[in-house]
Peer 1: 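My questions will all concern the structure given below.
We name chains A, B, ... by the order of the sequence lines, and we start the count at 1 in each one.
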Amino acid sequence: MSALRARRIRIRSLFEKTRHERNWAAELDSHLRVHIEDNLRKGMTPDEAHRQARLRPGGVEQVKETCRAQRGIPWLETLLQDLRFGLRMLRKNPGFATVALLTMGLGIGATTAIFTVVNDVSPRPLDYPDRVVFMMRQHPQGASPITSIPQYVLWTQQTKILEDFSVHDMGGLRVNLTGGDHPEQLRAMHVSANLFSLIGTRLALGRAFTAAEDIPDGPRLAVIRDGLWRGRHRALGRCGARIAADSSHEQHAIWRQTLGPDRLPPHGGDCVPRCAVLPVTLGRCGHLGSIPSSHFVVSKC
Amino acid sequence: MANDKADVWQGTLALMVLKTLEVMGPMHGYGIARRIEQTSGDLLSLNYGTLYPALLKLEQEGYIASEWGLSDNNRRAKYYKLTRAGRKQVERETQEWEQATAIIARFLAPGEES
């Protein structure tokens, strides 16, 4: 409590400096006088009494300095002094001040801009990279990531070792984006519905397709990249435009998402910002077994 | 001559000041210094570079209060007196010191423990 009180008084005394200085000078003066009188009483000559009184306490300025340090908050006072001095100097040299301010402003601005860009484009690791595995199959001819949809379905039903299991294709598909002022050809890849949750992708808007929609002859859905949505959202609306896998199959309801290149499975790494992600079985239900799919696995054990 | 005298040890001055004020009543800075030197049997030398910062600190902590008054010779002087918090502090610090010296005494005494 007393320490708190002392601190409060020290802060307050920052604003009452002249009063304190005057008070202190008076006290010092009275101390000297009393001392001299005391010396005289002891029988010293007036000169000797004065001399001894001044000699005894050590340097007066030193004492003042110690008391000043005890009274206020020295580092704060020095800081304020430096600030005042700096401001005075800046006011004295407006040219220099302008250049200094501009330099600092530019520096801070550039650093912020660079950081923002780098932070945006630099790959972010998965939330649980040590639990994600990429599965390969061993053939007599060598290893390969290729599998088939029936095989994938079988694995998801039978495996107990892996927490979740997802597949995607190589991303060679081209789809046409229609609607808006001009059509556009996009690259697309098929992924199984659980891929988004498996690699921890958060959608910026809307939702991803679900397992129930990832079925033969299911609804025509696509998830599009954030970059594409930003570029064409006027044409696309919030989620109303259409992507056609080919001229006969139109994809309704588009959701944009923030799936970055780093968040795509290894073989989808070339899925550039202008791309769409479609359910794995979409439109290909007739020849399920023929879709080349690499498989992507996560284990959360 | 002054060199023979010890300086006041760190941390002991506050208690000396408080105790002096408790015994003597309100005093000015010079009086306190003199009294402490006398009480120590002139073994201690107290210059005001040590005393006044300590007084200031005690005042900030609320253990002593000061006001201007007149000395015996009708000189204006700043008088320090003990506050109620100061009285409690004297008690507390006295106890602490007694305990500390008792402990040290045990170390200095010839070994008695089993």
Peer 1: Chain B heavy atoms under 4.5 Å from N23(A): which part of the residue, side chain, backbone, both or neither?
Peer 2: both
Peer 1: State the CZ-CZ distance between R33(A) and R75(B), to the nearest 0.5 angstrom.
Peer 2: 5.5 Å
Peer 1: Find the one option among G62(B), A77(B), A85(B) whose heavy-atom pairs under 4.5 Å with chain A are most numerous.
Peer 2: G62(B)
Peer 1: Please determine whether the number of non-hydrogen atoms from other residues, nucleotides or ligands lying under 6.0 Å from atom CZ of R106(B) exceeds 12.
Peer 2: no
Peer 1: Are Q60(B) and R10(A) close enough, and set up right, to give a side-chain contact (heavy atoms from CB on, under 4.5 Å), and what steps lead you there?
Peer 2: CA-CA 8 Å; Q60(B) 286 171 347; R10(A) 285 173 82 156; 3.5 Å; yes
Peer 1: How long is the span from the CZ atom in R7(A) to the CD atom in E61(B), to the nearest 0.5 Å?
Peer 2: 11.5 Å
Peer 1: Once the angle between the rings of H31(A) and Y52(B) is folded into 0 to 90°, is it parallel (under 30°), tilted (30 to 60°) or perpendicular (over 60°)?
Peer 2: perpendicular
Peer 1: Can H35(A) and R34(B) be said to form a side-chain contact (heavy atoms from CB on, under 4.5 Å), step by step?
Peer 2: CA-CA 10 Å; H35(A) 197 167; R34(B) 263 294 111 83; 4.1 Å; yes
Peer 1: Which answer fits E37(A), side chain, backbone, both or neither, if we ask what part of it has an atom under 4.5 Å from a heavy atom of chain B?
Peer 2: side chain
Peer 1: Is it true that atom NE2 of H50(A) has more than 12 heavy atoms of other residues, nucleotides or ligands lying nearer than 6.0 Å?
Peer 2: no
Peer 1: Does K42(A) have more than 12 heavy atoms from other residues, nucleotides or ligands lying within 6.0 Å of its NZ?
Peer 2: yes
Peer 1: Which bit of Q89(B) comes within less than 4.5 Å of chain A, counting heavy atoms only: side chain, backbone, both or neither?
Peer 2: neither
Peer 1: Would the number of heavy atoms belonging to other residues, nucleotides or ligands and lying under 6.0 Å from NZ of K78(B) be above 12?
Peer 2: yes
Peer 1: To the nearest 0.5 angstrom, please state how far the OG atom of S30(A) sits from the OH atom of Y30(B).
Peer 2: 11.5 Å
